[in-house]
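Take a look at the structure set out below.
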Amino acid sequence: EVQLVESGGGLVQAGGSLRLSCLVSGFTFDEAWVIGWFRQAPGKGREGLSCITTYDGSTNYADSAKGRFTISIDNNKNTVFLQLDSLKHEETAVYYCAGKFGTQQVVKLSEDEFDYWGQGTQDTVSL
């Protein structure tokens, strides 16, 4: 059974940083997967932020994430990270990781592209 479990969320002041982790199980990183990060703010739809391939570590970023967010992968620990820097109050949201099986290339940052989802972790950015 494929499972994705996020951690690392919490409360941070505006301008601060958080490092989110997505621990995956039920498959290994020597298979072709793409792991993505999304967020959903209160009253809004789910927004794609970034994704990375387990094949060669290629990455894709949304414009809102470029320059401040960094996605990375630790193949030995079956974990994907998302470093969030210079956070803004309006980026308070539930952050999710998601998985797509069977591709060696980055994909569009759309919910429809991903097959498996974690339960999400709440990030709150105070003023």
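Keep in mind it's a predicted model, so treat the numbers as computed, not measured. All heavy atoms count here, side chains included; hydrogens, waters and symmetry mates do not.
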Does the cation-pi check pass for Arg39 over Tyr96, that is, NZ or CZ under 6.0 Å from the six-membered ring centre and within 45° of its axis?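 No, Arg39 and Tyr96 do not form such a contact.
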
Could you walk me through whether Leu109 and Cys51 pass side chain to side chain contact (heavy atoms under 4.5 Å, CB included), step by step? CA-CA 7 Å; Leu109 295 169; Cys51 68; 3.8 Å; yes

To the nearest 0.5 Å, what is the distance between [atom1] ([X]) and [atom2] ([Y])?
X     : Y     : atom1 : atom2 : value
Glu6  : Cys22 : CD    : SG    : 5.5 Å
Ser72 : Gln83 : OG    : CD    : 8.0 Å
Ser7  : Phe81 : OG    : CZ    : 8.5 Å
Phe69 : Ser50 : CZ    : OG    : 10.0 Å
Cys97 : Leu20 : SG    : CG    : 9.0 Å
Leu23 : Asn78 : CG    : CG    : 7.0 Å

Would you say [X] and [Y] make side-chain contact, with heavy atoms under 4.5 Å?
X     : Y      : answer
Val12 : Asp123 : no
Val94 : Thr121 : no
Arg19 : Leu84  : no

Is it the case that atom [atom1] in [X] sees more than 12 heavy atoms from other parts of the structure closer than 6.0 Å?
X      : atom1 : value
Tyr55  : OH    : no
Gln13  : CD    : no
Gln105 : CD    : no

Between [X] and [Y] (side chain of the first, backbone of the second, donor and acceptor by atom type, cut-off under 3.5 Å), is there such a pair?
X     : Y      : answer
His89 : Ser126 : no
Thr92 : Thr124 : no
Ser58 : Thr53  : no

Begin from the C-alpha positions of Asp56 and Gln104 and carry the test side chain to side chain contact (heavy atoms under 4.5 Å, CB included) through to its verdict. CA-CA 8 Å; Asp56 62 1; Gln104 296 178 344; over 6 Å; no

Count I, L, V, M, F, W, Y as connected when their side-chain heavy atoms are under 4.5 Å apart, and connections chain through other members. Are [X] and [Y] then in the same cluster?
X      : Y      : value
Trp37  : Phe27  : yes
Leu82  : Val5   : no
Tyr116 : Val80  : yes
Leu4   : Phe101 : yes

Verify side chain to side chain contact (heavy atoms under 4.5 Å, CB included) between Val106 and Val34, making sure each step is shown before the conclusion. CA-CA 7 Å; Val106 294; Val34 175; 5.6 Å; no

Centroid-centroid under 6.0 Å between Trp117 and Phe38 rings: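 When the ring centroids of Trp117 and Phe38 are compared, they turn out to be within the sub-6.0 Å range.
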
Would the Trp33 and Phe114 ring centres measure less than 6.0 Å apart?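 For Trp33 and Phe114, the ring centres are not under 6.0 Å apart.
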
Just jot down the ring-ring contact (aromatic ring centres under 6.0 Å, His included) partners of Tyr61, sequence neighbours excluded, or say none.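 Per chain and number, Tyr61 pairs via ring-ring contact (aromatic ring centres under 6.0 Å, His included) with no residue.
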
Walk me through it: do Val24 and Ile35 pass the test side chain to side chain contact (heavy atoms under 4.5 Å, CB included)? CA-CA 9 Å; Val24 300; Ile35 305 297; 4.3 Å; yes

May I have the step-by-step check of side-chain hydrogen bond (donor to acceptor under 3.5 Å, both in side chains) for Ser64 and Glu47, ending in yes or no? CA-CA 10 Å; Ser64 60; Glu47 175 192 11; 2.9 Å; yes

Do the charged groups of Glu91 and Arg68 touch, with an N to O distance under 4.0 Å?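 So Glu91 pairs with Arg68 through a salt bridge.
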
Salt bridge check, Lys108 against Glu113: does any charged N sit closer than 4.0 Å to a carboxylate O?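 No, this pair does not count.
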
Might you work through the side-chain hydrogen bond (donor to acceptor under 3.5 Å, both in side chains) test for Thr79 and Asp74, ending with a clear yes or no? CA-CA 5 Å; Thr79 301; Asp74 186 331; over 6 Å; no

If every non-hydrogen atom of Ser86 is compared with every non-hydrogen atom of Ser17, which pair is closest and at what distance?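 Looking at all heavy atoms of both residues, the shortest contact is N-OG, 4.3 Å.
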
